[in-house]
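A note on names: the letters A, B, ... follow the listed sequences, proteins ahead of strands, and every chain is numbered from 1.
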Protein chains: 2
Amino acid sequence: MNEQKTETEQQILKAAKQVFTRKGFGGTRMQEIANEAKINKSLLHYYFRSKQLLFEAIFKDTLFEFVGKIKLIFNSEEELITKIPKIVHTYSDYLQKNPYIVIFILRELQAEPKIILKIVEMINIKSFHFFEQINQEVEKGKMKPIKPEHLFINILSLTIFPVIAKPIIMAGLMQGSNELYNQFLEERKEIVINFIFSAIY
Amino acid sequence: MNEQKTETEQQILKAAKQVFTRKGFGGTRMQEIANEAKINKSLLHYYFRSKQLLFEAIFKDTLFEFVGKIKLIFNSEEELITKIPKIVHTYSDYLQKNPYIVIFILRELQAEPKIILKIVEMINIKSFHFFEQINQEVEKGKMKPIKPEHLFINILSLTIFPVIAKPIIMAGLMQGSNELYNQFLEERKEIVINFIFSAIY
DNA sequence: GTCTATAAGGTGATAGAC
DNA sequence: GTCTATCACCTTATAGAC
């Protein structure tokens with residue numbers, strides 16, 4: 001999506017994403033973005049006019065990436081029995097690499113819930129092949145009855161929450177050890193898959 | 001905990017909690033807290049000296065309330081078969097009434113992870129009766145093998161995530177309708193309980 | 001396009017009267 | 001304890017030279 005942009009512009013976007021996702025809109029200073037991008041602060045305004053506009057560029061992009069990633073894995077043509085494990089693995093890996101963006105999105109959506117509508121409508125979650133698959137398997141009696149919306153949220157919950165609750169889990173269950181926490185996330189993948197399969201089959 | 005405090009002080013704490021939990025530290029203006037508490041801005045400094053100190057009072061209190069609530073329900077003396085449904089119901093109701101505090105806590109912990117250690121250590125999550133109960137039932141073969149830590153996180157995930165992801169769920173699955181969303185949360189309680197029971201028994 | 005300098009406005013914090 | 005007035009600082013944003 002950055003094809004037609006100058007190098008400076010891309011540097012700015014990259015730096016802004018890093019700072020905004022960590023500190024949020026209110027906590028971010030334009031100076032910090034400039035430092036991170038190794039450019040002059042005025043250039044931020046030259047390219048994006050205001051903090052608000054720069055923020056919106058980043059926010060939309062991040063939300064689109066996040067929801068688009070969900071679409072990619074839930075919408076694929078694949079049998080559920082291999083698809084569900086793949087969802088858990090792919091999404092867990094993605095979240096571990098991008099641990100800040102979920103809280104960032106949820107936090108800023110709370111302040112400005114309007115932005116989301118267009119983007120989420122564009123994605124059209126309910127059209128995912130996943131939803132049809134669940135209904136079919138339930139109809140055929142291959143799976144215990146469950147509304148696909150709930151199973152969808154259950155999978156996301158079990159995958160996303162442990163990542164965003166990192167500080168509490170580390171302090172409360174892992175004796176403050178980062179290593180133990182990572183190990184916990186790693187072993188969780190198979191445990192979550194088993195948990196889901198036991199619940200629905 | 002507010003027993004020895006003047007009325008003004010309590011008004012301030014109440015107002016500060018409301019504003020801080022919605023807007024976070026960076027997004028909060030002292031003037032807004034003063035307005036909310038219907039007092040003069042200088043009084044905030046008279047009672048709490050600085051924004052930082054007022055924030056810390058609120059944050060510790062909120063974190064303590066949140067984790068303490070978990071303790072209360074996971075630590076009770078009760079058979080698992082009735083305890084798990086009670087956990088889901090009690091915590092869901094609590095979260096629906098306090099939808100902002102989870103994101104508030106997670107968001108601010110990201111910025112300042114040190115504060116948590118003392119409070120969470122104080123709570124001593126691993127000592128909850130719940131953990132012992134799971135191990136016992138697994139040993140007796142009454143339950144499929146699962147580490148109590150994972151089951152603990154699974155229950156919290158399934159309960160907490162749908163509340164903090166409200167804007168995305170509303171936009172993506174509920175056609176933007178608040179009513180449909182509330183209905184979804186309501187019916188979820190039993191569905192989550194069934195999901196967990198199917199997975200572990 | 002990129003820089004320096006500076007304006008314009010807001011925010012936390014304090015002094016001092018009552 | 002509570003108020004008004006004000007300071008000192010910080011942050012966004014712009015003007016203008018190069």
If the condition is salt bridge (charged side-chain N to carboxylate O under 4.0 Å, His left out), which residues does [X] pass it with, not counting sequence neighbours?
| X | value |
| --- | --- |
| B:Lys126 | B:Glu149 |
| A:Glu187 | B:Lys147 |
| B:Lys189 | B:Asp93, B:Glu186 |

Residue list, ring-ring contact (aromatic ring centres under 6.0 Å, His included) with [X], at least two apart or on another chain:
| X | result |
| --- | --- |
| A:Phe184 | B:His150 |
| A:Phe25 | A:Phe55 |
| B:Phe195 | none |
| B:Phe128 | none |

Give me the residues of residues 30-50 of chain B where at least one heavy atom lies under 4.0 Å from an atom of DNA chain D, by number, or none. B:Asn40, B:Ser42, B:Leu43, B:Tyr46, B:Tyr47
Within residues 19-28 of chain B, find the residues that approach DNA chain D with a heavy atom at under 4.0 Å, and present them sorted by residue number. none
Are there more than 12 heavy atoms of other residues, nucleotides or ligands under 6.0 Å from atom NZ of A:Lys14? no
Reading DNA chain C 5' to 3', which nucleotide is the first, and which the last, to come under 4.0 Å of any heavy atom in chain B? C:dT11 to C:dT14
Any side chain to side chain donor-acceptor pair (under 3.5 Å) pairs touching residues 165-178 of chain B, not counting sequence neighbours? B:Lys166-B:Asn178
How would you list all residue pairs meeting side chain to side chain donor-acceptor pair (under 3.5 Å) that involve residues 190-201 of chain A, not counting sequence neighbours? A:His89-A:Glu190
Presence of A:Arg29 side-chain N/O under 4.0 Å of D:dT12 phosphate oxygens OP1/OP2: yes
